[in-house]
Amino acid sequence: MKRPVVELVGTGRCIPRNVLTNADLEKMVDTSDEWIRERTGIRERHISTADETLARMGKDACEQVLEETGLDVAEIDSIIVATASPDHLLPSQACDLQATLGATNAAAFDVGAACAGFLYALAVAEGMVVTGQAKHVLVVGAERLSAITDYQDRSTCILFGDGVGATLVRTASNSSRGIISSYLKTDGTLGKLLCRPGGGAVQPPSEEMIEQRTYFLRMEGRQTFKHAVRKMADACEQTLKRAGMTCDDVDVLIPHQANLRIIEATAKHTGIPMEKAFVNIDRYGNTSAASIPIALDECVREGRVKEGSNVLMVAFGGGFTWGSMLVRW
Ligand code: ACO
């Protein structure tokens with residue numbers, strides 16, 4: 001096993017108060033609680049109100065991490081936010097969060113890799129710590145997908161929810177804790193299968209954009225599903241191989257929560273029993289970049305991830321981007 005040099009320490013999350021149930025969605029589009037539960041495993045998701053901005057929710061989650069680690073906000077050197085649904089397009093979400101948190105000594109920027117964004121952000125943070133660019137990096141996954149979801153499209157609106165999760169990346173406090181290995185991959189040729197066609201520089205805001213609802217997220221669900229299953233399993237294998245470890249060494253699998261069937265297939269193909277896989281999609285739906293840090297926080301607080309646990313995180317999302325990371329907690 002490779003010796004970790006960089007560790008994850010402390011976790012936090014913030015979930016909006018309001019709940020949108022499958023029964024609520026039955027009143028909005030032609031769907032049923034039974035269809036949603038059988039096809040996705042989702043029962044409900046949380047939807048932010050106007051005052052529950054990502055900056056505000058991010059502050060909550062980060063303050064929990066600061067409390068856990070005993071760090072003062074002034075000791076934070078960098079904030080990286082993974083998001084596909086920022087409060088503003090400019091400045092970045094991380095800049096808003098840096099201001100709200102009062103992290104006056106931190107450089108702040110976003111990482112855009114959709115549902116795999118948190119793992120990409122962790123890899124960037126690892127590099128910053130290794131090179132001495134930063135000592136303490138807050139890594140945040142933050143989404144208000146409700147703002148970019150088309151609630152007239154039954155194939156996507158049943159899936160998404162809002163929330164924020166966070167952790168801290170720093171030099172490992174001992175040689176057995178921390179990031180053991182990781183694997184990141186992209187296939188931009190498949191980008192159109194999961195995208196927001198309008199609202200960017202190619203299709204700037206216009207009446208047509210509003211009319212055709214191209215500002216909202218669109219997804220070819222069936223095709224995305226197939227790629228997700230194959231690529232998440234492959235990412236797990238590659239990460240374990242790089243670590244010189246096997247599926248038997250994994251104590252907890254934390255998969256991106258996009259669909260219960262994808263989680264089950266990933267666990268099966270990787271050779272990890274479902275009892276080791278953490279699932280909270282029933283309560284939150286798909287929160288994209290926020291799903292892994294929210295799950296990690298729940299695992300740590302419930303004692304499912306404890307000192308010495310080997311935690312395998314894996315994600316797949318728009319881009320397509322995917323990746324995996326093995327961490328000794
Ligand atoms: N309620 C009832 N029926 C529905 C609904 C709904 N909400 N949505 C679709 N259907 C219908 C379809 O119209 C279709 O009907 P038809 O057979 O008459 O044409 C039928 O149900 C089956 O549709 P599929 O799209 O084939 O359903 P599937 O079993 O694939 O489930 C889902 C759809 C849940 C979206 C699934 O494909 C999926 O989870 N895809 C992957 C999602 C994912 O991993 N995304 C990546 C991360 S997200 C990110 O990066 C932001």
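Read the numbers this way: they start at 1 and go in the same order the structure lists the ligands and their atoms.
- Among the atoms of Ser32, none of the N or O lies under 3.5 angstrom from an N or O of ligand 1.
- The backbone N or O of Leu326 sits nowhere less than 3.5 Å from a side-chain atom of Ser181 that would complete a donor-acceptor pair.
- When non-hydrogen atoms are compared, ligand 1 lies under 4.0 Å from neither the backbone nor the side chain of Val29.
- The backbone N or O of Asp33 lies less than 3.5 Å from a partner atom in the side chain of Glu26, making a donor-acceptor pair.
- Taking every non-hydrogen atom of Thr224 and a distance limit under 4.0 Å, the qualifying atoms of ligand 1 come out as 43 (C), 45 (N), 46 (C).
- A salt bridge is defined here as a Lys NZ or Arg NE, NH1 or NH2 lying under 4.0 Å from an Asp or Glu carboxylate O, and Arg213 with Asp150 meets this definition.
- Taking every heavy atom of Ala258 and a limit of under 4.0 angstrom, the matching atoms of ligand 1 come to 43 (C), 44 (O).
- Taking each of Glu26, Glu143, Arg222 in turn, the one with a heavy atom nearest to atom 24 (P) of ligand 1 proves to be Arg222.
- Taking each of Gln223, Met219, His256 in turn, the one with a heavy atom nearest to atom 42 (C) of ligand 1 proves to be Met219.
- Residue Thr31 has at least one heavy-atom neighbour below 4.0 Å for each of these atoms of ligand 1: 1 (N), 2 (C), 6 (C), 7 (N).
- Counting only heavy atoms, the protein gets under 4.0 Å from atom 8 (N) of ligand 1.
- Rounded to the nearest 0.5 Å, atoms CZ (Phe225) and OG1 (Thr40) are 10.5 Å apart.
- Contacts of Leu194 with ligand 1, taken as heavy-atom pairs under 4.0 Å, involve the side chain alone.
- The shortest N or O to N or O distance between Ala114 and ligand 1 is not below 3.5 Å.
- By heavy-atom distance, the residue among Ala113, Gly318, Cys115 lying nearest atom 51 (C) of ligand 1 is Cys115.
- Proximity of Thr156 to ligand 1, defined as any heavy-atom pair under 4.0 Å, is not found for any part of the residue.
- Environment of NZ in Lys135: sparse, with no more than 12 heavy atoms of neighbouring residues, nucleotides or ligands closer than 6.0 Å.
- Only the side chain of Thr40 comes within contact range of ligand 1, with a heavy atom under 4.0 Å; no backbone atom does.
- One distance of note links CZ of Arg43 with CG of Asp282; it measures 5.0 Å at 0.5 Å rounding.
- Each of the atoms 41 (C), 44 (O) of ligand 1 lies under 4.0 Å from some heavy atom of Ile262.
- Aromatic ring centroids of Phe316 and His256 lie 6.0 Å or more apart.
- Within a 6.0 Å sphere centred on CD of Glu208, heavy atoms belonging to other residues, nucleotides or ligands number 12 at most.
- Judged purely by atom type and a 3.5 angstrom limit, Thr83 uses its side chain to pair as donor or acceptor with the backbone of Ser85.
- Remark: the Asn174 side chain and the Arg328 side chain contain no N/O donor-acceptor pair separated by less than 3.5 Å.
- Counting atoms of ligand 1 from 1 in the listed order, those under 4.0 Å from a heavy atom of Gly317 are 47 (C), 50 (O).
- Contacts of Trp35 with ligand 1, taken as heavy-atom pairs under 4.0 Å, involve the side chain alone.
- The protein non-hydrogen atom at the shortest distance from atom 29 (O) of ligand 1 is Arg39 NH1, 2.7 Å.
- By the 3.5 Å distance cut-off applied to N or O atoms, Leu217 is not counted among the residues near ligand 1.
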